Amino acid sequence: MLNLKVEASINDQINAELYSAYLYLSMSAYLETENLPGFASWMRVQFQEEQAHAMKFFDFVNERGGKVILDAIEAPKTEWGSVVEVFEHTLDHERMVTERINTMMDIALEERDYATESFLRWYIDEQVEEEAAAEAILSQVERLDGHGNGMIMMDRELGARVFTPIAE
Ligand code: OFO
């Protein structure tokens, strides 16, 4: 049986992961309008990843005998001033998500819910990757400053990313 406080924190995070998905899909739409199909495709993979993060929580709640409660998803921002701004926002967003996962871990430990603690470790590790990926792209686009062949090459490189489902 899932502890009620833990269950509420997971339901809240399902909404946050779906918001992340929505935000990255919105960034993908913006990048399409900037004629950067590779960047847009990278963000679309990010959208798929966030949906998978939400579903991993969804399945866990059901597995533990809890109840998933879905709430309204906030509308994401739709315009950014530049590609640099998109990745600054991505990095800030992922840092905020890391904080949220850390708070969930605190709740699981306070409630002595060790199964959830063990489950959350996957997300703790995932956030290290999420922040590192956003940081790496941000530093590259900052250096390129939106111009030149470098952006074309980077667009091609990011366009090669494919979605990999979470291994069970
Ligand atoms: Fe779900 O990790 Fe990004 O937000």
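Just so we're clear, the structure is a prediction, and the values are computed from it rather than from any experiment. Just so you know, these numbers use all the heavy atoms, side chains as well, and skip hydrogens, waters and symmetry mates. Whatever order the structure lists them in is the order used to number ligands and atoms, beginning at 1.
Under the 30°/60° scheme for interplanar angles, the aromatic rings of Tyr123 and Phe57 are found to lie parallel.
Under 4.0 Å is where a charged nitrogen must lie from a carboxylate oxygen, and between Arg64 and Asp59 no such pair does. The pair Arg100-Asp12 meets the salt-bridge criterion, with a side-chain N (NZ, NE, NH1 or NH2) lying under 4.0 Å from an Asp/Glu carboxylate O.
Under 3.5 Å, the side chains of Arg95 and Gln127 contain no donor-acceptor pair of N or O atoms. Side-chain N/O atoms of Ser20 and His93 include a donor and acceptor closer than 3.5 Å.
Ligand 1 is never approached by Glu126 to a heavy-atom distance shorter than 4.0 Å.
Here Glu17 meets the criterion, with an N, O or S atom under 2.8 Å of atom 1 (Fe) of ligand 1.
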The test is ring-ring contact (aromatic ring centres under 6.0 Å, His included); show your working for Trp42 and Phe87 and say whether it passes. CA-CA 12 Å; Trp42 191 93; Phe87 283 92; 5.8 Å; yes
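In Glu94, the N, O or S atom that comes nearest to atom 3 (Fe) of ligand 1 is OE2. Distances from atom 3 (Fe) of ligand 1 to each N, O or S atom of Glu50 single out OE2 as the nearest. Within His53, the N, O or S atom at minimum distance from atom 1 (Fe) of ligand 1 carries the name ND1.
For atom 2 (O) of ligand 1, the closest non-hydrogen atom on the protein side is Glu130 OE2, 2.7 Å.
The shortest N or O to N or O distance between Tyr24 and ligand 1 is not below 3.5 Å. Checked against a 3.5 angstrom limit, the closest N/O atoms of Gln46 and ligand 1 fall outside it.
Between Phe47 and Tyr22, the distance separating the two ring centers is not shorter than 6.0 angstrom.
Atoms of ligand 1 found under 4.0 Å from any heavy atom of Ser20 (numbered from 1 in listed order, with element): 4 (O).
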